[in-house]
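Notes follow the structure.
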Amino acid sequence: MKIAKVVNALEQFAPLPLQEDYDNAGLQTGLTEADVSGALLCLDVTEAVVDEAVAKGCNLIVSHHPLIFHKLRRLCGEDDVQRTVMKAIEKHITILSLHTNMDAAEGGVNFKIAEKLGLEHPTFFGKRQSTEVKTGDGEIRTVAGGEGVIAEWTEPLAADDFIIRLKQTFDVECVMANELLRRPIRRVAICGGAGDFLLPDAVALGADAFLTGEMHYHQYFGYEQRIQIVVIGHYQSEQFTREIFRDIITRQCPGVRCILSEINTNPIIYF
């Protein structure tokens, strides 16, 4: 099977037009007409991840965060991104990234977070958008997208139990939170990664809690007993994105070997 077929399956699920204007999702390096020997699935692409792909016989890396995010003005190995690009080209590794398009896609990053927490009836909130894609049989279908997801539990949780569930589900060392809510938490608004811009929308929708990966200090103020803010870390909130990649490829490209990267690329250490 050609790499191009795997790329097409992933971009059918999370079309590139769903990405934000500042983003650089899509093909990063390499050729797509080669036969795929295996797909290594990760959050970030580093030199160590490229080495892992080579060691495991994978000529395709699928990442969440784009390797090439800012413009490359030269390619001479003077920083980690340049060295990683050079190594990928040298080793004939194709790299595909699905970033804010996978954040926005139905069934994407935020839906996966809701699923992991056992939340039900996920729906988009925040800015919504849609785009049309052509399927393999030539039909045109509409793919919906949105900035965040709001979902709920049938049985609400106390705030401290909610935080315990987060720590267990996402294997986080700590959860940053505002004052614990003194009412049950049923409706949870979610935006993985750096999603603090959606906090006002979550409050306006009457969510009991807002979950994201990053939050600026001053944004914690003024929401005491209005909404439970919980921040679990950027990497931690998006760690299950690899499973989305695996499920799409397994379903749409049967027979392609998928491997979840074993390298933790989170640059933040908790002491």
Flag, side chain of [X] to backbone of [Y], donor-acceptor distance under 3.5 Å:
{"X": "Glu147", "Y": "Lys127", "answer": "yes"}
{"X": "Asp103", "Y": "Val109", "answer": "no"}
{"X": "Thr212", "Y": "Gly195", "answer": "yes"}
{"X": "Thr29", "Y": "Ile93", "answer": "yes"}
{"X": "Arg257", "Y": "Gly57", "answer": "yes"}
{"X": "Ser237", "Y": "Gly193", "answer": "yes"}
{"X": "Asn110", "Y": "Ala104", "answer": "no"}
{"X": "Arg186", "Y": "Ala207", "answer": "no"}
{"X": "Thr94", "Y": "Leu31", "answer": "yes"}
{"X": "Arg141", "Y": "Glu132", "answer": "no"}

Between [Y] and [X], is there a side-chain heavy-atom distance shorter than 4.5 Å?
{"X": "Ile150", "Y": "Val188", "value": "no"}
{"X": "Phe210", "Y": "Val230", "value": "no"}
{"X": "Lys2", "Y": "Val36", "value": "no"}
{"X": "Thr142", "Y": "Thr131", "value": "no"}
{"X": "His99", "Y": "Gln19", "value": "no"}
{"X": "Phe13", "Y": "Glu106", "value": "no"}
{"X": "Asp208", "Y": "Phe162", "value": "no"}
{"X": "His64", "Y": "Gln239", "value": "no"}

Quick check: closest heavy atoms across [X] and [Y], and the distance to 0.1 Å?
{"X": "Gln28", "Y": "Ser97", "result": "CG-OG, 3.4 Å"}
{"X": "Val133", "Y": "Pro15", "result": "CG1-CG, 3.4 Å"}
{"X": "Arg226", "Y": "Leu181", "result": "N-CD1, 4.2 Å"}
{"X": "Leu27", "Y": "Gly30", "result": "CD2-O, 3.8 Å"}
{"X": "Val172", "Y": "Leu166", "result": "CG2-O, 4.1 Å"}
{"X": "Ile163", "Y": "Ala177", "result": "CD1-CB, 4.1 Å"}

Please tell me whether [X] and [Y] are part of a single hydrophobic cluster in this structure, the criterion being side-chain heavy atoms less than 4.5 Å apart.
{"X": "Val203", "Y": "Tyr220", "answer": "yes"}
{"X": "Met102", "Y": "Leu96", "answer": "yes"}
{"X": "Leu40", "Y": "Tyr235", "answer": "no"}
{"X": "Leu10", "Y": "Ile61", "answer": "no"}
{"X": "Tyr223", "Y": "Ile185", "answer": "no"}

Worked verdict on Thr100 versus Leu18 for side-chain contact (heavy atoms from CB on, under 4.5 Å): CA-CA 7 Å; Thr100 52; Leu18 291 182; over 6 Å; no
Roughly how far, to the nearest 0.5 Å, is the [atom2] atom of [Y] from the [atom1] atom of [X]?
{"X": "Phe197", "Y": "His216", "atom1": "CZ", "atom2": "NE2", "result": "12.0 Å"}
{"X": "Cys191", "Y": "Met215", "atom1": "SG", "atom2": "CE", "result": "10.0 Å"}
{"X": "Ile95", "Y": "Ile3", "atom1": "CD1", "atom2": "CD1", "result": "11.0 Å"}
{"X": "Phe125", "Y": "Asp201", "atom1": "CZ", "atom2": "CG", "result": "6.0 Å"}
{"X": "Cys58", "Y": "Lys91", "atom1": "SG", "atom2": "NZ", "result": "14.5 Å"}
{"X": "Leu260", "Y": "Cys42", "atom1": "CG", "atom2": "SG", "result": "10.0 Å"}

Worked verdict on Val256 versus Met1 for side-chain contact (heavy atoms from CB on, under 4.5 Å): CA-CA 8 Å; Val256 173; Met1 186 178 297; 3.6 Å; yes
Plane angle bin for Phe111 and Phe124 - parallel if under 30°, tilted between 30 and 60°, otherwise perpendicular: perpendicular
Stepwise side chain to side chain donor-acceptor pair (under 3.5 Å) check, Thr46 with Thr265: CA-CA 8 Å; Thr46 64; Thr265 55; over 6 Å; no
Step-by-step side-chain contact (heavy atoms from CB on, under 4.5 Å) determination, Cys76 to Gln82: CA-CA 7 Å; Cys76 54; Gln82 292 185 30; 3.6 Å; yes
Cation-pi geometry met for Lys116 and Phe240 (6.0 Å, 45°): yes
CA sep, side-chain torsions, deciding dist, call: Cys258, Leu41, side-chain contact (heavy atoms from CB on, under 4.5 Å): CA-CA 7 Å; Cys258 292; Leu41 315 177; 4.1 Å; yes
Ionic contact status for Glu78 with Arg73, cut-off 4.0 Å: no
Under-4.0 Å salt bridge between Lys5 and Glu33: no
Salt bridge (Lys or Arg N to Asp or Glu O under 4.0 Å) partners of Glu47, counting only residues at least two apart: Arg83, Lys87
Pair Gln228-Asn178, side-chain donor/acceptor within less than 3.5 Å: yes
Atom OH of Tyr270: over 12 foreign heavy atoms under 6.0 Å: yes
Lys56, NZ atom: more than 12 neighbouring heavy atoms under 6.0 Å: yes
Audit row: His234, Asn266, side chain to side chain donor-acceptor pair (under 3.5 Å) steps and yes/no: CA-CA 9 Å; His234 194 124; Asn266 189 0; over 6 Å; no
